[in-house]
Amino acid sequence: MAHTHDHSGHDHTGRDHTGHDHIGHDHAPGHVPGSTDKKRVLTAACLTGGFMVAEALGGILTGSLALLADAGHMLADSIALGLAWYAFHLAGRPATVRLTYGFGRVKTLVAYTNGIAIFVIALWIVYEAWRRLQAPAPVLGGPMLVVATLGLLVNIGSFLVLHGGDHENLNMRGAILHVLGDLLGSAAAIAAALVILATGWTPIDPILSVLVSLLILYTAWSLMRAAAHVLLEGVPPSLDRDLIAMDIEATVPGVREVHHMHVWSLDGTSNMATLHACLDEGVDAHQAVSAVKKRLASEHGISHATVEPEFGQCADDSHEHGHEAAAHHDHHH
């Protein structure tokens, strides 16, 4: 057990494997992992938060639900982007005695929370639009068009800032989704303003706000699913646990069988595994474990693995671990 403890301490406190994954497209020397992503998110949060106030006032003055809906979305986004920035800030901290994996998963938690927040806002927009269709309210097309156009420009700026970041990172994906939703909201508000100016038909305002909210719901759902998969310790989509186990049995000399294998991701980018390797009699356990770890890293992108070598009977199948063996039965390869 001493070896396992030492290994995890080395990997997670030193962050010698997560750093590589998080740098994404920024390979400049001396860069802190995710540091440019962190700056990008903070810039987008300030842009979004600053304009949200102007758009909310514009929505109240013009009577436009599309503007108010977009302002509501921008409010959630500026909070979400602020949280995303804080998640990046925390992720840079080393592991602690209580949090041995460090703070890397905070980003996934934030991504999941973001998804829930967008869901609530989108449902509110749908409800408000339904109310407005029952009793149409007057909308000032001219001022609405000006505010919506300015909003679009701000959102394009935020999107360009975030788009240069790491697209594999769930936290960044969440931030980009928020700004994309804002972009579409502003585009819908512009379209509604143009229709109102041309025809005076105000129901277009709530109708377009509903279309935007449905799109927001879809993107929020996909983000929440990806984040939930990480939080539930699911096997990363790019990997197949059973195929990896078969590959180790086929390619690593001396490994007779692999079982009790778990493969998961810490934060959506760095993959991890634990497994029992049943070895042939007379095989050097240290060499076999090293070979398994090398194979996992080079062929399957699993940079942190805990391998338990076994000869004969599995330690978890002994009398005192009977319940554990039963619980893990479905993981037997």
Side-chain angles (χ1 to χ4, degrees), residues 1-27 29 31-34 91 94-95 99-105 108 166 168-170 229-230 233-317 324 328 330-333:
M1 285 308 291
H3 167 74
T4 316
H5 174 92
D6 183 48
H7 186 83
S8 67
H10 164 70
D11 254 45
H12 295 291
T13 322
R15 301 186 66 77
D16 56 78
H17 66 281
T18 47
H20 169 73
D21 284 313
H22 279 152
I23 292 169
H25 305 296
D26 298 293
H27 291 286
H31 259 238
V32 179
L99 291 167
T100 56
Y101 278 122
F103 294 82
R105 197 164 270 190
T108 311
D166 179 6
E168 291 301 305
N169 189 301
L170 270 180
H229 190 74
V230 173
E233 310 280 14
V235 177
S238 58
L239 301 175
D240 183 318
R241 183 200 63 179
D242 294 344
L243 284 178
I244 293 169
M246 283 196 286
D247 175 64
I248 291 167
E249 288 169 357
T251 59
V252 180
V255 176
R256 191 170 79 250
E257 188 206 354
V258 168
H259 58 257
H260 283 353
M261 184 170 191
H262 297 270
V263 180
W264 73 100
S265 175
L266 189 64
D267 54 7
T269 51
S270 41
N271 301 324
M272 320 181 75
T274 57
L275 61 101
H276 291 193
C278 208
L279 308 178
D280 294 324
E281 289 301 325
V283 171
D284 184 307
H286 178 72
Q287 275 186 351
V289 168
S290 296
V292 168
K293 289 189 178 199
K294 278 192 187 119
R295 182 76 185 173
L296 287 171
S298 62
E299 292 299 312
H300 305 290
I302 296 169
S303 47
H304 178 97
T306 303
V307 180
E308 185 177 317
E310 292 172 348
F311 294 96
Q313 191 187 8
C314 173
D316 283 359
D317 290 341
E324 204 174 317
H328 283 292
D330 63 320
H331 291 290
H332 273 265
H333 172 64

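Because the structure is a prediction, the values reported are computed rather than measured.
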Legend entry - Any donor-acceptor N/O pair, His300 side chain to Arg295 backbone, under 3.5 Å: no
Legend entry - Heavy-atom closest pair, residues His276 and Cys314: ND1-SG, 3.6 Å
Legend entry - Non-hydrogen atoms of Val235 and His229 that approach each other most closely: O-NE2, 2.6 Å
Legend entry - Leu279 side, atom CG; Gln287 side, atom CD - distance, nearest 0.5 Å: 11.5 Å
Inset, instruction - Decide side-chain contact (heavy atoms from CB on, under 4.5 Å) for Val258 and Val292; before the verdict, give the C-alpha distance in whole Å, the side-chain angles of both, and the deciding distance to 0.1 Å. - result: CA-CA 10 Å; Val258 168; Val292 168; over 6 Å; no
Legend entry - Rounded distance [0.5 Å steps], CH2 in Trp264 versus CZ in Arg241: 12.5 Å
Legend entry - Audit row: Leu275, Val263, side-chain contact (heavy atoms from CB on, under 4.5 Å) steps and yes/no: CA-CA 9 Å; Leu275 61 101; Val263 180; over 6 Å; no
Legend entry - Step-by-step side chain to side chain donor-acceptor pair (under 3.5 Å) determination, Glu310 to His259: CA-CA 11 Å; Glu310 292 172 348; His259 58 257; 3.2 Å; yes
Inset, instruction - Check Gly282 against Phe311 and note the closest heavy-atom contact, atom names and distance. - result: N-CE2, 4.4 Å
Inset, instruction - Check Val252 against Ala291 and note the closest heavy-atom contact, atom names and distance. - result: CG1-CB, 3.7 Å
Legend entry - Polar side-chain atom of Ser265 near backbone of Ser270 as donor-acceptor pair, under 3.5 Å: yes
Legend entry - Euclidean distance, Arg256 CZ relative to Glu281 CD, rounded to 0.5 Å: 7.5 Å
Inset, instruction - Rounded to the nearest 0.5 Å, what's the gap from CD1 on Ile248 to NZ on Lys293? Could you check? - result: 12.0 Å
Legend entry - Heavy-atom closest pair, residues Arg105 and Leu266: NE-O, 2.8 Å
